[in-house]
Amino acid sequence: MKALTFAAAFILLFLAACSGKKEAASATAGANEEAIIRKNVIGGVDVRSIPNATVFKMSGDYADNVAVTLNPDGTLAYYPAPSDITVNSSPIALADGWYLNRQGLGPGSVFLTYTFEQYRNLPKAPSHEELLEAVIPGSSVTEFMTLPVSASEAFSNPEECLIYLPK
């Protein structure tokens, strides 16, 4: 009986380990931000959460431009593949210059001369050098904030975000 219990526990642990790899692979295989489920361990227990919505302000009118994120030394930290950019990638205008983030940009993001349409029609991502040359001088995210609502809630009801914006 003890051997049977041990075998069952081993099989359950093995299956749990395999399913985690499958979730991680599917999350990195081009899933959109709404579908990404983060796993956090709190008190030894896995807790799943949906990413919170983020909002930002820009140093200019770059709502139709693709963003990349730079490291403090000016090298690329993040850039999208053309296939990552969809008709739903452009930010949603909220109020007072705030936009709902749908591209995954952050505080270190800058904007490129490529529009969303131009970029998604590229056959492949530009080289790092080409991307850095395409940065619009002076473009940046000037303010960035995480909201206490999920990204999926915010996308389905952007007006809800307004109550969290600074007055």
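Residues: numbered from 1 along the sequence shown.
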Inset, instruction - Considering only Ile, Leu, Val, Met, Phe, Trp and Tyr, and joining two whenever side-chain heavy atoms are under 4.5 Å apart, list the other residues clustered with Tyr99. - result: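 Besides Tyr99, the cluster holds Phe56, Met58, Tyr62, Leu105, Phe111, Ile136, Val141, Phe144.
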Inset, instruction - Under the side-chain contact (heavy atoms from CB on, under 4.5 Å) rule, what do Leu112 and Val135 come out as? Steps first, then yes or no, please. - result: CA-CA 4 Å; Leu112 304 177; Val135 171; 3.9 Å; yes
Inset, instruction - Return yes when atom CD of Glu160 has more than 12 non-hydrogen atoms of other residues, nucleotides or ligands closer than 6.0 Å, and no otherwise. - result: yes
Inset, instruction - Might you confirm whether atom CG of Asp96 has over 12 heavy atoms from other residues, nucleotides or ligands at distances under 6.0 Å? - result: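 It does not: Asp96 CG has 12 such atoms or fewer within range.
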Between atom [atom1] of [X] and atom [atom2] of [Y], what is the distance when rounded to the nearest 0.5 Å?
X      : Y      : atom1 : atom2 : result
Arg120 : Asp84  : CZ    : CG    : 12.5 Å
Tyr119 : Asn65  : OH    : CG    : 12.5 Å
Ile85  : Arg102 : CD1   : CZ    : 11.0 Å

Quick check: closest heavy atoms across [X] and [Y], and the distance to 0.1 Å?
X      : Y      : answer
Val110 : Ser139 : CG1-O, 3.3 Å
Val66  : Gln103 : CG1-NE2, 3.6 Å
Gly106 : Ser109 : N-OG, 2.8 Å

Just by distance, do the side chain of [X] and the backbone of [Y] share a donor-acceptor pair under 3.5 Å?
X     : Y      : value
Ser59 : Gly138 : yes
Tyr79 : Ala125 : no
Asp73 : Thr75  : yes

Does some side-chain heavy atom of [Y] sit less than 4.5 Å from a side-chain heavy atom of [X]?
X      : Y      : answer
Trp98  : Cys161 : no
Leu122 : Tyr114 : yes
Pro91  : Asn101 : no
Pro166 : Met145 : yes

Inset, instruction - Could you please spell out the steps behind the side-chain contact (heavy atoms from CB on, under 4.5 Å) verdict for Val55 and Leu165? - result: CA-CA 9 Å; Val55 294; Leu165 299 179; 3.8 Å; yes
Legend entry - Pairing residues for Phe116 by the ring-ring contact (aromatic ring centres under 6.0 Å, His included) criterion, not counting sequence neighbours: none
Inset, instruction - With side-chain contact (heavy atoms from CB on, under 4.5 Å) as the test, would you mind laying out the steps for Leu70 and Leu132 before giving the verdict? - result: CA-CA 9 Å; Leu70 302 178; Leu132 291 173; 3.7 Å; yes
Legend entry - Cluster link Leu100 to Ile163, ILVMFWY, side chain under 4.5 Å: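 In one cluster: yes.
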